[in-house]
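Read the structure below first, then the notes.
Chain naming here is simple, since letters A, B, ... match the order of the sequence lines and numbering starts at 1 in each. Worth knowing before you read on, the calculation uses all heavy atoms, side chains too, and leaves out hydrogens, waters and symmetry mates.
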Protein chains: 2
Amino acid sequence: MGPTLEKLARTDAGLASALRVSVARLSRRLRTERDPDSDQLSPGQFAVLGLLDRLGEAAVGELAAQERVQPPSMTRTVSCLEEGGYVTRRPHESDRRQVVVALSDQGRAAVEAERRRRDHWLAARLRELTPEERQVLRRAAPVLDKLAHA
Amino acid sequence: MGPTLEKLARTDAGLASALRVSVARLSRRLRTERDPDSDQLSPGQFAVLGLLDRLGEAAVGELAAQERVQPPSMTRTVSCLEEGGYVTRRPHESDRRQVVVALSDQGRAAVEAERRRRDHWLAARLRELTPEERQVLRRAAPVLDKLAHA
DNA sequence: TATTGTTATACTCTATAACTATA
DNA sequence: TATAGTTATAGAGTATAACAATA
């Protein structure tokens, strides 16, 4: 399967297919390589914590749009997270229809703990690569990110 | 955020973190960039079709294990797919407890159509990159795949 | 007796519709 | 009148438990 992908990626036409497959596989692997013990938060709940970590804070509607979820669903998720002490809710300063959600210290800690745990597995795998392969990835990471934001 | 990631990836310690973030972002983007019309199959159902496309054919238990789902759930998913004409079920030749699932022609066509649609978006984004950036990705794809299988 | 798959049933997550409060 | 969020209710999807068939 490796050689096949390599050959595929040589042509411009095949690069998209090869890259998509590789990214999907690695992403799936990274998602499944997580501590089965400390899974108190559902994937959807954790996704919102990660989102808040990136955005700082956000209104319920914005969270719903980002997660491609309907507002009532996000209300429920946020309520669970608030009960668990992971996030706080407060009314928007100027527009009091909106409800602004922000990470609590506990929520931030949960995000960082999960992040460290996932980095741990990947870092170990990276140490098994050759220096040349690591260099390839070092240069590829920003390009992958560029694609993600394109 | 781009420069930050680039700097982070320069050190071995930061590479894991930078790569994980980039792969996760691109994967999310690739997943959301899909035709909203022709979504008759649920994500779980489509995942099984993709799995069968890779494995050729598989027993219900094997599909359940690969998708990290309990056997009764996979039975249900497979039943739906069979009703839709996407897969076939037949008893295993030597061990008649097992039920072997395989893609039908329609199922294979559905997988390939979805695949082409997803490639389309990524191929367009790749054309917007510089030749050097595409070369970086060409070399990175097999390494990403190696990590996924590590 | 152990294993594979299925059926029966309950729970979680998300969606749509109706409602409240604010703009 | 339009918008942001919530509440109420219903529909997928998945899980556990119990069962049937085969090894």
Side-chain angles (χ1 to χ4, degrees), chain A residues 28 31-32 34 36-52 55-84 86-103 110, chain B residues 28 31-32 34 36-52 55-84 86-103 110:
Chain A
R28 198 181 314 135
R31 239 181 306 126
T32 57
R34 53 179 189 187
D37 301 331
S38 52
D39 262 352
Q40 298 151 347
L41 277 64
S42 77
Q45 288 171 346
F46 192 77
V48 171
L49 293 189
L51 201 54
L52 286 171
L55 299 177
E57 55 181 31
V60 170
E62 193 180 348
L63 290 174
Q66 289 270 353
E67 285 298 311
R68 319 265 167 159
V69 147
Q70 291 306 307
S73 303
M74 188 50 71
T75 290
R76 244 181 80 91
T77 300
V78 168
S79 297
C80 287
L81 289 172
E82 190 185 28
E83 277 177 38
Y86 296 101
V87 303
T88 60
R89 261 201 266 225
R90 62 172 182 75
H92 189 280
E93 294 190 5
S94 55
D95 181 349
R96 280 182 306 200
R97 292 173 306 180
Q98 296 185 37
V99 172
V100 178
V101 185
L103 276 181
Chain B
R28 199 180 315 134
R31 239 181 307 125
T32 55
R34 56 180 186 184
D37 302 329
S38 52
D39 261 352
Q40 299 151 346
L41 277 64
S42 78
Q45 288 171 345
F46 192 76
V48 172
L49 293 190
L51 201 53
L52 286 172
L55 299 178
E57 54 181 31
V60 170
E62 192 180 347
L63 290 173
Q66 289 269 353
E67 283 298 311
R68 320 266 166 155
V69 147
Q70 292 304 309
S73 303
M74 188 51 71
T75 289
R76 244 179 79 92
T77 300
V78 168
S79 296
C80 287
L81 289 173
E82 191 185 27
E83 275 177 40
Y86 296 102
V87 303
T88 60
R89 262 201 265 226
R90 62 172 181 76
H92 190 279
E93 293 190 7
S94 55
D95 182 349
R96 279 180 307 198
R97 292 174 305 181
Q98 295 185 36
V99 172
V100 178
V101 184
L103 276 182

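- Taking CG of B:Leu103 as the start and OG1 of B:Thr88 as the end, the distance is 8.5 Å to the nearest 0.5 Å.
- OP1 or OP2 of D:dG13 lies within a sub-4.0 Å distance of a side-chain N or O belonging to B:Ser42.
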For residues 44-52 of chain B, please give each side-chain donor-acceptor pair under 3.5 Å, one per line with the distance, not counting sequence neighbours.
unit_1: B:Gln45; atom_1: OE1; unit_2: B:Ser42; atom_2: N; d: 3.1

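- Atom pair A:Glu93:CD and C:dT22:P shows a separation of 17 Å (rounding to whole Å applied).
- Of the candidate nucleotides D:dT16, C:dA15, D:dT6, D:dT6 has the atom lying nearest to any side-chain atom of A:Pro71.
- Candidate nucleotides C:dG5, C:dA15, D:dT14 were compared by shortest atom distance to the side chain of B:Arg76, and D:dT14 ranks first.
- Residue B:Ala59 places its side chain closer to C:dG5 than to any other of D:dA15, C:dG5, C:dT16.
- Among the nucleotides C:dT6, D:dT6, D:dT14, the one closest to any side-chain atom of B:Val60 is C:dT6.
- The CD atom of B:Glu67 sits 5.5 Å away from atom CE of B:Met74, with the distance rounded to the nearest 0.5 Å.
- With DNA chain C read from its 5' end, the first of the two nearest nucleotides for B:Glu62 and A:Pro72 is the one closest to B:Glu62.
- The side chain of B:Arg97 has D:dA21 as its nearest neighbour among C:dT16, D:dA21, D:dG5.
- Counting any heavy atom pair closer than 4.0 Å across all strands shown, B:Gln98 reaches sugar-phosphate atoms only and no base atom.
- Here the nucleotide nearest the side chain of A:Arg89, chosen from C:dT14, D:dT6, D:dT14, is D:dT6.
- With D:dA23, D:dT7, C:dA23 as the candidates, the nucleotide lying closest to the side chain of A:Asp95 is C:dA23.
- Residue whose closest nucleotide on DNA chain C sits further toward the 5' end, between A:Thr77 and B:Met74: B:Met74.
- As a whole-Å value, the separation of A:Leu81 CG from C:dC13 C1' is 13 Å.
- The line from CZ of B:Arg96 to CZ of B:Arg90 is 13.5 Å long, rounded to the nearest 0.5 Å.
- The phosphate of C:dT6 (OP1 or OP2) has a side-chain N or O of B:Thr75 nearer than 4.0 angstrom.
- Between A:Ser73 and C:dA15 there is a side-chain polar atom (N or O) within less than 4.0 angstrom of OP1 or OP2.
- Atom CG of A:Leu63 and atom P of D:dT6 are 11 Å apart (whole Å).
- Taking the side chain of A:Gln70 as heavy atoms from C-beta on, and the options D:dT7, C:dT16, D:dT16, the nearest nucleotide is C:dT16.
- Note that CG of A:Leu63 is 10.5 Å distant from CD of A:Glu57, once rounded to the nearest 0.5 Å.
- As rounded to whole Å, 14 Å separates atom C1' of D:dG13 from atom CD of B:Glu67.
- Judged by distance alone with a 3.5 Å cut-off, no donor-acceptor contact links the side chain of A:Arg96 to the base of C:dT22.
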